[in-house]
K.L.:
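Let me begin by handing over the structure; questions about it come next.
Residue numbers begin at 1 in each chain, while the letters A, B, ... track the order of the sequences. Since the structure is predicted, the reported quantities are computational estimates derived from the model, not experimental observations.
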Protein chains: 2
Amino acid sequence: MNKPLKDSGKTKSGWKQNPEAVQQDILRVATTEFAEHGLSGARIDEIAAKTKTSKRMIYYYFGDKETLYARALESAYAKVREGEGKLDLAGLPPDEALARLVAFTFDHHRKNPDFIRMVMIENVHHADYLSQSKVIRGLNVAAIDKLTEIIRRGEAAGTFRPGLDPTELHWQISALSFFNVSNKPTFSALFGKALYSRAGQTALRDHAVEMILRYVCDREGTR
Amino acid sequence: MNKPLKDSGKTKSGWKQNPEAVQQDILRVATTEFAEHGLSGARIDEIAAKTKTSKRMIYYYFGDKETLYARALESAYAKVREGEGKLDLAGLPPDEALARLVAFTFDHHRKNPDFIRMVMIENVHHADYLSQSKVIRGLNVAAIDKLTEIIRRGEAAGTFRPGLDPTELHWQISALSFFNVSNKPTFSALFGKALYSRAGQTALRDHAVEMILRYVCDREGTR
DNA sequence: AAAATTTTTAACTTCCTAGTTCAATTAAAA
DNA sequence: TTTTAATTGAACTAGGAAGTTAAAAATTTT
């Protein structure tokens with residue numbers, strides 16, 4: 001029933017199979033498309049068009065749209081957490097370590113807007129797909145562990161006040177860093193772009209650091 | 001070509017026309033549907049089904065899906081800003097006024113998750129529809145004005161340090177209050193629900209107040 | 001050499017969904 | 001009383017988008 005296939009220039013001449021690369025390519029394109037348009041807004045045909053391969057291969061490897069979305073979410077998380085591993089704070093005094101962590105988180109979120117958008121979209125979906133992913137769960141303990149250690153040292157040194165909760169502190173740092181990226185469109189539409197200029201962003205970051213440090217430090221602390 | 005209409009129980013018996021009520025009903029349903037599923041995820045047929053009226057009337061009054069979305073966004077904003085007007089801070093000392101404003105904002109966001117979700121969705125769409133709305137722009141100056149006045153008084157009293165930026169302070173308060181609602185699904189999926197228990201939320205709110213106040217107050221301030 | 005996997009291509013199906021159309025009827029406004 | 005606006009309801013259209021199918025060929029693995 002089907003016509004014989006055309007030679008598209010790859011037959012006879014040498015070409016390598018590379019399943020992993022093809023899947024990575026699909027995931028890369030899918031991530032930006034889902035980040036841009038959301039789960040229901042993204043188009044499989046559009047994703048396929050921006051890929052080096054074809055729509056057929058998307059279904060060959062991922063089965064359906066939702067699975068592709070879930071896998072794209074996972075890969076976005078993995079990529080971002082990879083970047084976070086590079087931060088070494090062990091040698092620093094606790095207040096300085098925390099200051100660096102906050103500044104790093106703020107910048108890191110800024111540099112990964114696609115990831116932030118994926119998380120936004122996942123929140124719109126009540127974290128349905130994130131909840132189901134076994135891959136992602138483990139990646140986030142590291143962030144809390146880092147904070148737990150900083151808090152422990154800060155308390156021991158008397159720099160930080162007692163009773164700080166690592167998870168809550170992570171929440172606070174995340175709030176300031178995440179909101180900056182997630183709500184940029186509405187905030188700047190309503191209140192102008194000043195805070196999103198280069199100077200504005202530097203100020204916001206420095207003040208986020210300031211705010212967190214003032215919060216954790218003891219009243220008579222060094223800062 | 002069409003059959004004569006059935007008597008659906010409203011003919012002959014008295015029924016009132018009420019264009020405004022019908023539109024409000026549509027907007028109310030549309031808001032929750034868009035908040036729940038997003039612009040592309042929401043279904044006109046589903047909205048119509050949950051309405052007291054019909055799909056036909058949605059198009060009669062709103063023309064198309066995007067217009068309905070834009071109007072729903074506007075009405076959500078209007079409703080929320082209405083609730084904000086009730087807060088009177090004039091008689092309070094500046095630090096107490098600010099403390100109340102932060103606590104109020106935090107609670108207010110918590111109580112209006114549909115509105116928060118609409119803003120999240122609008123951010124996913126790069127604020128396209130919010131930018132076009134002339135209605136919404138004006139409503140947000142009030143929030144800044146309130147803060148400007150509090151800062152002015154706080155500086156005059158020497159309680160606050162000089163150089164505070166009202167828009168930036170609004171950003172900071174919003175970040176803590178907004179993130180709490182917007183990222184609840186992913187955050188609690190990743191780090192547990194402790195912060196979203198009753199006690200956890202009270203702590204987060206009180207600490208948000210604490211954090212903002214420590215930030216604005218002079219080092220040798222009263223607090 | 002045989003078997004299994006990867007890749008190609010484009011048409012096709014099937015379902016979903018936004019948006020339309022019809023004629024009629026009632027309510028309100030002029 | 002005339003005219004305009006509001007309302008009903010269900011069938012219909014037209015397009016979009018997810019997912020499928022076919023057979024074949026090239027590559028890789030066993």
K.L.:
Expressed as a whole number of angstroms, how long is the span from L39(B):CG to dT17(C):P?
P.N.:
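Rounded to the whole Å, the gap is 14 Å.
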K.L.:
Could you state the CD1-C1' distance from I58(A) to dG19(D), rounded to the nearest angstrom?
P.N.:
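Those two atoms, CD1 and C1', are 11 Å apart.
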K.L.:
Report the distance from atom CD of E46(B) to atom P of dA18(C), rounded to the nearest whole Å.
P.N.:
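Nearest whole value for this atom pair: 11 Å.
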K.L.:
Hey, is the side chain of T53(B) poking within less than 4.0 Å of OP1 or OP2 on dT7(D), counting only N and O atoms?
P.N.:
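No, because none of the side-chain N or O atoms of T53(B) sits under 4.0 Å from OP1 or OP2 of dT7(D).
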K.L.:
Could you tell me whether A42(B) contacts a base, only the sugar-phosphate backbone, or nothing, with contacts defined as non-hydrogen atoms closer than 4.0 Å?
P.N.:
sugar-phosphate
K.L.:
Could you tell me whether the side chain of K55(A) has a donor or acceptor atom within less than 3.5 Å of a complementary atom in the base of dG19(D)?
P.N.:
yes
K.L.:
Can you check the E20(B) CD to dA28(C) P distance for me, whole Å?
P.N.:
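Atom CD in E20(B) sits about 12 Å away from atom P in dA28(C).
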K.L.:
Just how far, in rounded Å, is P of dC12(C) from CG of D45(A)?
P.N.:
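About 16 Å, once rounded to whole Å.
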K.L.:
Could you give the CZ-to-C1' distance, from R56(A) to dA25(D), as a whole number of Å?
P.N.:
15 Å
K.L.:
In a check of side-chain contact (heavy atoms from CB on, under 4.5 Å) between L98(A) and each of L92(A), L89(A), I150(A), which one passes?
P.N.:
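Exactly one pass, corresponding to I150(A).
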K.L.:
Find the distance R43(A):CZ to dC16(C):P and express it as a whole number of Å.
P.N.:
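So the two atoms are 15 Å apart, to the nearest Å.
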K.L.:
Is any side-chain nitrogen or oxygen of S54(A) closer than 4.0 Å to OP1 or OP2 of dA10(C)?
P.N.:
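So the side-chain polar atoms of S54(A) never come under 4.0 Å of the phosphate oxygens OP1 or OP2 of dA10(C).
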K.L.:
Distance check needed: dT7(C) C1' versus M57(A) CE, whole Å only.
P.N.:
5 Å
K.L.:
Please determine which of N140(A), N123(A), I136(A) meets the side-chain contact (heavy atoms from CB on, under 4.5 Å) test together with T186(B).
P.N.:
N123(A)
K.L.:
Expected output is a numbered-order residue list: members of residues 59-67 of chain B with a heavy atom under 4.0 Å from any atom of DNA chain D. What is it?
P.N.:
Y60(B), Y61(B)
K.L.:
Are any side-chain N or O atoms of T32(B) and backbone N or O atoms of V29(B), one a donor and one an acceptor, separated by less than 3.5 Å?
P.N.:
yes
K.L.:
If we check side-chain contact (heavy atoms from CB on, under 4.5 Å) with L68(B), which of these qualifies: L39(B), T31(B), I58(B), L73(B)?
P.N.:
I58(B)
K.L.:
Can K79(A) and E82(A) be counted as an ion pair, charged N to O under 4.0 angstrom?
P.N.:
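Salt bridge absent between K79(A) and E82(A).
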K.L.:
Would you call D114(B) and R117(B) a salt bridge, taking side-chain N to carboxylate O under 4.0 Å as the test?
P.N.:
no
K.L.:
Please answer whether the main-chain N or O of A194(A) pairs with a side-chain N or O of S197(A) as donor and acceptor at a distance below 3.5 Å.
P.N.:
yes
